[in-house]
There are 2 protein chains.
Amino acid sequence: MAVEPVTTSRRERVRAATIDEIKQTALDLMREQETTDIRFTDIARGMGMTAPALYRYFGDRNELLTHLITDAFADLGACIAAAREAVPADDIGGRWVASASAYRDWARSRPQQFALVLGMPVPGYAAPDEGPTTQAAKQAMHELEELFISAATSGRLGAPLVRHASAAMAVCAEDKHPQLEGVVPPETFQAMLQAWASLHGVTSLEAHGHLDWLQPEARDALFLSQVEMIATAAGLPAPKAGYGQPLPKGDGSTDA
Amino acid sequence: MAVEPVTTSRRERVRAATIDEIKQTALDLMREQETTDIRFTDIARGMGMTAPALYRYFGDRNELLTHLITDAFADLGACIAAAREAVPADDIGGRWVASASAYRDWARSRPQQFALVLGMPVPGYAAPDEGPTTQAAKQAMHELEELFISAATSGRLGAPLVRHASAAMAVCAEDKHPQLEGVVPPETFQAMLQAWASLHGVTSLEAHGHLDWLQPEARDALFLSQVEMIATAAGLPAPKAGYGQPLPKGDGSTDA
DNA sequence: TAACGTGTGTGATGCTAAATAACGCAACTG
DNA sequence: CAGTTGCGTTATTTAGCATCACACACGTTA
């Protein structure tokens, strides 16, 4: 930890801090106003500045949103990873429940950011081609893949409920994970995608308010039973503590 | 079919046609521009009118969007129902595959409308309290419920993969379907919600482009295997034709 | 046939917010 | 102490939502 005097100039550090403050203010406004449609004017006023000043830091509104999206992906991935690592490595089922709960809690505690990354982006927002969003989405999902890969390599992954996979699926699996040929069969790859989709489905419905007619306890119960269903269908072992309680929550501490 | 001269005046009919044209133009623009953020100016120009004229028909942009949302719900429900009814009533599994495929096809063929009803609404759009959207969402989902209810009442619904449901879930189930107490046990109600969530998940990921990295054939395979997984987990019988082909597609003929 | 009234569309106008331009200020540099 | 660079400000332009006052057209009524 030697002092490196010139790697980052003072100006650069101040600038980085300002950028962070802009992004944080934008997120705060999103939560306050319950929308992803934030105004440069409001962000600036929230910081005691005027709108044009923000253009020194972001070329336009799209650029700010793109940064928020990539940050959100990284944060989601970090939350999932943290929740997973908080459970002993030999408790695959426990790690699955922890990861899934982190996914849900992240979405519930930041519905706007969730919409930003996994819903339809803000109107007028055009994702850059070969966008950071796509790449970052893969990275976030990789945290879930990690779980399946370690389960498979340690031989603790049972056969999925759907035991057949098409040739196209096998090609895609091999294309995506060439190093896992033979270790993770196509139907397991398929089951992993199913798990992601099902987890995303229940999370998405809840985050967007489509389950509001259920009592909160019933929503919790639905989520846990969904997690159990997914695990069973994917061949993941049961958690050692059972499916009773949501485990330590990965709440919003790693916020972008 | 007697001629009823005065029930709807000529003016009223012309007005209704104009309203339909406005909504259709708005939907066309959404598809063209691939966004839910449509401008009154553009709608008007597309009809050879000017923007202020639209305010004769809709109080403001929100009101138009609300109508589009409720229409979309009705259309989604109609597509699902049509696909379901196209399969013999005794082929529960076939009806499930048809319904799920209709759900997917509807979302794929109208990604903007899908985002409108089941994603996060347009920025700046505030859903009316006790909104038509919530009520219409229930109605659309009822088309899926219908399947489970008829399966259960005819005794062709097996036990779900997750055989236990919490007390809160049981309360909600009874609260929602008081007439089905005893016929549809809480764990089946829970399994139905799981099925909806899982179906929505894979559909949502695909509609929003998060599965674009898969080959189209692999996406089809993933969807079908997901449908099979859901059916198995929910206790629905297998379709008589097997899970091989997507069945007659409920494509976009009932458009709003 | 002529006057009237309702429904409908238009141009003019206000407002808000994104984005740009031109200018002033402060901090570091030699 | 002067020059450079980066940051922030006050105009200004542009675009779109929403409202207003006015004009036209159609159907009705005298």
Side-chain angles (χ1 to χ4, degrees), chain A residues 5-26 28-30 32-68 116 121-128, chain B residues 5-23 25-26 28-30 32-68 121-128:
Chain A
V6 207
T7 46
T8 64
S9 78
R10 166 168 175 76
R11 284 227 128 122
E12 281 168 346
R13 270 174 285 131
V14 172
R15 181 179 176 83
T18 306
I19 288 178
D20 282 347
E21 191 187 347
I22 292 173
K23 293 196 283 196
Q24 190 55 52
T25 307
D28 291 345
L29 284 174
M30 281 188 185
E32 270 179 36
Q33 307 175 192
E34 296 191 349
T35 176
T36 53
D37 190 21
I38 39 162
R39 292 180 263 282
F40 259 38
T41 309
D42 293 344
I43 299 173
R45 191 174 47 229
M47 300 174 61
M49 286 173 40
T50 56
L54 299 182
Y55 288 86
R56 298 280 181 193
Y57 301 93
F58 298 96
D60 60 359
R61 196 158 154 276
N62 265 13
E63 196 176 317
L64 171 59
L65 286 171
T66 299
H67 279 263
L68 290 178
L116 217 47
V122 174
Y125 172 78
Chain B
V6 205
T7 47
T8 64
S9 79
R10 166 168 177 76
R11 284 227 131 122
E12 281 168 346
R13 269 174 285 131
V14 172
R15 182 179 176 84
T18 306
I19 288 179
D20 282 347
E21 190 187 346
I22 293 172
K23 293 196 282 196
T25 307
D28 291 345
L29 284 175
M30 280 188 186
E32 268 179 37
Q33 307 175 190
E34 295 191 349
T35 177
T36 54
D37 190 20
I38 40 162
R39 288 174 252 291
F40 259 38
T41 309
D42 293 343
I43 299 174
R45 193 175 45 230
M47 301 173 61
M49 287 174 39
T50 56
L54 299 181
Y55 288 87
R56 297 284 179 191
Y57 301 92
F58 297 95
D60 60 0
R61 196 159 155 275
N62 265 13
E63 196 176 316
L64 171 59
L65 286 170
T66 300
H67 279 261
L68 290 177
V122 175
Y125 172 77

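What's counted below: heavy atoms across the whole structure, side chains too, no hydrogens, waters or symmetry copies. From a predicted model like this one, the values you see are computed outputs, not experimental measurements. Letters A, B, ... mirror the listed sequences (proteins, then strands); counts begin at 1.
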| said: Heavy atoms within less than 4.0 Å of DNA chain C: which residues of residues 47-55 of chain A have one? Give them sorted by number. | reply: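 Contacting residues: A:Pro52, A:Tyr55.
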Rounded to the nearest Å, what distance is computed from the [atom1] atom of residue [X] to the [atom2] atom of nucleotide [N]?
{"X": "A:Phe58", "N": "C:dT20", "atom1": "CZ", "atom2": "C1'", "value": "19 Å"}
{"X": "A:Asp37", "N": "D:dG16", "atom1": "CG", "atom2": "P", "value": "15 Å"}
{"X": "B:Arg39", "N": "D:dT14", "atom1": "CZ", "atom2": "P", "value": "17 Å"}
{"X": "A:Arg45", "N": "D:dG8", "atom1": "CZ", "atom2": "P", "value": "18 Å"}
{"X": "A:Asn62", "N": "C:dA19", "atom1": "CG", "atom2": "C1'", "value": "12 Å"}

Side-chain heavy atoms of [X] within contact of [Y], under 4.5 Å:
{"X": "B:Arg61", "Y": "B:Asp37", "result": "yes"}
{"X": "A:Met30", "Y": "A:Leu116", "result": "yes"}
{"X": "B:Arg56", "Y": "B:Thr18", "result": "no"}
{"X": "A:Arg15", "Y": "A:Tyr57", "result": "yes"}

Which value, rounded to the nearest 0.5 Å, describes the distance between [X] atom [atom1] and [Y] atom [atom2]?
{"X": "A:Leu54", "Y": "A:Thr25", "atom1": "CG", "atom2": "OG1", "result": "9.0 Å"}
{"X": "B:Glu21", "Y": "B:Asp28", "atom1": "CD", "atom2": "CG", "result": "10.0 Å"}
{"X": "A:Phe58", "Y": "A:Leu64", "atom1": "CZ", "atom2": "CG", "result": "5.0 Å"}
{"X": "B:Thr36", "Y": "B:Leu68", "atom1": "OG1", "atom2": "CG", "result": "10.5 Å"}

| Side chain of B:Asp60 (C-beta onward), nearest among C:dA19, D:dA18, D:dC7 |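 When the side chain of B:Asp60 is considered, D:dA18 is the closest of C:dA19, D:dA18, D:dC7.
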| said: Let's see if you can work this out: which of D:dC17, D:dC7, C:dA18 has an atom nearest to the side-chain heavy atoms of B:Arg61? | reply: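 Minimum distance to the B:Arg61 side chain belongs to D:dC17.
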| A:Phe40 vs B:Arg15, nearer the 5' end of DNA chain C by closest nucleotide |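 Checking each residue's closest nucleotide, the 5'-ward one belongs to B:Arg15.
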| Given DNA chain C, 5'-ward residue of the pair A:Asp42 and A:Gly59, judged by closest heavy atom |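 Final value for this comparison: A:Asp42.
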| message | Taking 4.0 Å as the cut-off, does a side-chain nitrogen or oxygen of A:Tyr57 come that near to OP1 or OP2 on D:dG6? | response |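 No.
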| query | So, is A:Thr41 near the phosphate of C:dA18, with a side-chain N or O under 4.0 Å from OP1 or OP2? | reply |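 Yes, A:Thr41 has a side-chain N/O under 4.0 Å of OP1/OP2 on C:dA18.
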Give me the distances for all protein-to-nucleotides 27-30 of chain C N/O pairs that come in under 3.5 Å?
none

| said: For a quick check, tell me whether the side chain of B:Arg56 and the base of C:dG9 share a donor-acceptor pair closer than 3.5 Å. | reply: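 Result: at least one qualifying N/O pair found.
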| Touch class at under 4.0 angstrom, heavy-atom based, for A:Ile43 against every strand present |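 Contact class for A:Ile43: none.
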Under 3.5 Å, which donor-acceptor pairs link side chains of residues 40-50 of chain B to any protein atom two or more places apart or in another chain?
residue	atom	partner	partner atom	Å
B:Asp42	OD1	B:Arg45	NH2	2.9

